[in-house]
Number of protein chains: 2
Amino acid sequence: MIIRIDELSDIPIYMQIRNQIVMGISDGSLAPGEQLPTVRALALEIGINTMTVSKSYQLLKTEGYIMTDRKNGARVRTTIEKQGSISESNKAELKRIVSEARLSGVPKKEIIGLVDGYYGA
Amino acid sequence: MIIRIDELSDIPIYMQIRNQIVMGISDGSLAPGEQLPTVRALALEIGINTMTVSKSYQLLKTEGYIMTDRKNGARVRTTIEKQGSISESNKAELKRIVSEARLSGVPKKEIIGLVDGYYGA
DNA sequence: TATCTGTATTAGATAGAGTAATACAAAAGA
DNA sequence: TCTTTTGTATTACTCTATCTAATACAGATA
């Protein structure tokens, strides 16, 4: 899986990495149990510091998306805990996005179409 | 319209103000042409610096949501330019949110239901 | 033994956010 | 004319988050 960093984005690098891995797990680019690149390999590939990647992995570990240990490196968890609900902050973000889209004249159907595509089958 | 600031949020105050005004315009809490509180009044009410509110208004003005002048203060624009499309950053955010919701076991219908509610009639 | 893994530590640089104290131009009202 | 109110500009300062850098460590592997 290829991680791409947007230097101009105001989203922190460690967060961009985290987000892309989460989305990769969701859309199947990263299979359950699949091994992630080592912190050093990914840091070298992207051209950033090792600790920045480590921070991403720690976050993903805390959130229950991956497992890390000194033996196997980092891997996607085979079973991810399902909260069953959307976080309040994500609801607020969703509302903001929908509001902006609506004011921009984007039809409701178009937004729902995007959600449908991102969610998948 | 009441602006509420979450001190614990990692979203900057000026951005929280901006977001709530945008959402207020979208859901009708703020009518076209309606006058917004003055920067000093809002700053006093929230308990923050005047320039922070001014920064929010400048951003909203740049984005075409409101108009400001020394005569009338700040007002919601009567006609907001419609881009007709969703920004790339909002698409990325939407994908992240949908991915997280999906991995949390949230049904697609539930997300669409939220979008439907936020968008309104 | 040498090499790989994630991680901890300490330090420093940089940028963004927010505050504070003033000040200004323009318009409105007394 | 004088005062008030409007948004805004300026300058300086503090605080925090992010990222980098250079090491080092424990544990596992070949």
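Lettering of chains follows the sequences in order, A, B, ..., and the numbering in each one begins at 1. Please read these numbers as outputs of a predicted model, since none were measured by experiment.
Spacing between atom CG of A:Leu8 and atom P of C:dA15 amounts to 14 Å, rounded to whole angstrom units. Counting to the nearest Å, the C1' atom of D:dC15 and the CG atom of B:Asp10 are 16 Å from each other. Across the protein-nucleic acid pair, B:Leu59 atom CG and C:dG16 atom C1' stand 14 Å apart, rounded to whole Å. For A:Leu44 and C:dC4, the CG to C1' distance is 15 Å, given to the nearest whole Å. Straight-line distance from the CD1 atom of A:Ile66 to the C1' atom of C:dT7: 13 Å, rounded to whole Å. Following rounding to the nearest Å, B:Glu7 (CD) and C:dA17 (P) show an atom-to-atom distance of 16 Å.
In this model, the phosphate group of C:dC4 is not approached by any side-chain N or O of A:Lys71 to a distance below 4.0 Å at OP1 or OP2. Close to C:dT7, at under 4.0 Å from its OP1 or OP2, lies a side-chain N or O of A:Ser54. At the phosphate of D:dT8, OP1 or OP2 sits under 4.0 Å from a side-chain N or O atom of B:Thr68.
Closest approach of A:Ser85 to B:Ser104, counting heavy atoms only: O-CB, 4.1 Å. Heavy atoms only, all atoms of each residue included: A:Gly120 and B:Lys108 are closest at O-NZ, 3.1 Å. Considering all non-hydrogen atoms of both residues, B:Asn19 and B:Ile11 come closest at ND2-CG2, 4.4 Å.
Of all nucleotides listed (C:dT7, D:dG7, C:dG6), C:dT7 comes nearest to the side chain of A:Lys61.
With A:Gln35 contributing its side chain and A:Gly73 its backbone, the two residues share no donor-acceptor pair below 3.5 Å.
Applying the under-4.5 Å side-chain rule to Ile, Leu, Val, Met, Phe, Trp and Tyr, the cluster around A:Leu42 extends to A:Met1, A:Ile3, A:Ile5, A:Ile13, A:Ile17, A:Ile21, A:Val22, A:Ile25, A:Leu30, A:Leu36, A:Val39, A:Ile46, A:Ile48, A:Val53, A:Tyr57, A:Leu60, A:Tyr65, A:Ile66, A:Val76, A:Ile80, B:Leu103. Listed by chain and number, the hydrophobic cluster partners of B:Leu44 come to none, as no ILVMFWY side chain reaches under 4.5 Å of it.
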Would you tabulate the nitrogen or oxygen pairs shorter than 3.5 Å linking the protein to nucleotides 18-25 of chain D?
unit_1: D:dT18; atom_1: OP1; unit_2: A:Tyr14; atom_2: OH; d: 3.1
unit_1: D:dC19; atom_1: OP1; unit_2: A:Ile13; atom_2: N; d: 2.2
unit_1: D:dT20; atom_1: OP2; unit_2: A:Asn49; atom_2: N; d: 3.0
unit_1: D:dT20; atom_1: OP2; unit_2: A:Thr52; atom_2: OG1; d: 2.7
unit_1: D:dA21; atom_1: N7; unit_2: A:Asn49; atom_2: ND2; d: 3.4

